[in-house]
> 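Before anything else, here's the structure in question.
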Amino acid sequence: MDVFAIGDTVEISGPVMAGNIGTVVYLDEKRGKYLVRFGGVTQNYFSPADLRLFSS
């Protein structure tokens, strides 16, 4: 399930927080979700289908 790596910059493409850009900080292999942090305080879990690599 290693679609993304810790440290990857991703854009949220799913229905929750769509368009936000954050950094992958943890992979919960049991649940199959990535923890993405936005700024210094906000973070949330997302499935790989709700993420895409960010390219400027």
Side-chain angles (χ1 to χ4, degrees):
M1 186 194 131
D2 297 339
V3 178
F4 302 100
I6 293 175
D8 281 351
T9 301
V10 294
E11 182 176 0
I12 310 305
S13 59
V16 177
M17 300 182 73
N20 283 291
I21 297 169
T23 303
V24 175
V25 294
Y26 178 72
L27 166 59
D28 185 340
E29 292 185 29
K30 186 174 181 180
R31 292 180 8 182
K33 296 196 177 222
Y34 292 91
L35 182 62
V36 179
R37 184 170 294 152
F38 309 91
V41 182
T42 306
Q43 59 187 22
N44 204 352
Y45 282 95
F46 297 92
S47 67
D50 292 336
L51 301 173
R52 65 175 167 237
L53 280 175
F54 178 74
S55 60
S56 55

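When a residue number appears, it is its place in the shown sequence, counting from 1.
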> What's the shortest heavy-atom distance between P48 and V3, and which atoms?
CB-CG2, 4.3 Å

> May I ask you to decide if F4's main-chain N or O and Y34's side chain share a donor-acceptor pair within less than 3.5 Å?
yes

> Determine, step by step, whether L51 and V36 satisfy the side-chain contact (heavy atoms from CB on, under 4.5 Å) criterion, reporting the C-alpha distance in whole Å, the side-chain angles of both residues, the deciding distance to 0.1 Å, and the verdict.
CA-CA 10 Å; L51 301 173; V36 179; 4.1 Å; yes

> For M17 and I12, which heavy atoms make the closest approach, and how far apart are they?
O-CB, 3.3 Å

> Between L27 and V24, is there a shared hydrophobic cluster once you connect ILVMFWY residues whose side-chain heavy atoms come closer than 4.5 Å?
yes

> Using the rule that Ile, Leu, Val, Met, Phe, Trp and Tyr join whenever any side-chain heavy atoms are under 4.5 Å apart, tell me whether V16 and V10 fall into a single cluster.
yes

> Verify side-chain contact (heavy atoms from CB on, under 4.5 Å) between I21 and T9, making sure each step is shown before the conclusion.
CA-CA 7 Å; I21 297 169; T9 301; 3.6 Å; yes

> Distance check, rounded to the nearest 0.5 Å: Y45 atom OH versus L35 atom CG?
4.5 Å

> Do the non-hydrogen side-chain atoms of Y26 and R37 ever get within less than 4.5 Å of each other?
no

> Can you list the steps and then say if K33 with F46 is a side-chain contact (heavy atoms from CB on, under 4.5 Å)?
CA-CA 5 Å; K33 296 196 177 222; F46 297 92; over 6 Å; no

> Checking D8 against L53 for the side-chain contact (heavy atoms from CB on, under 4.5 Å) test, could you report, in this order, the C-alpha distance in whole Å, the side-chain angles of both residues, the deciding distance, and whether it holds?
CA-CA 7 Å; D8 281 351; L53 280 175; 3.7 Å; yes

> Can you name the closest pair of heavy atoms from G19 and E11 and give their distance?
CA-OE2, 3.9 Å

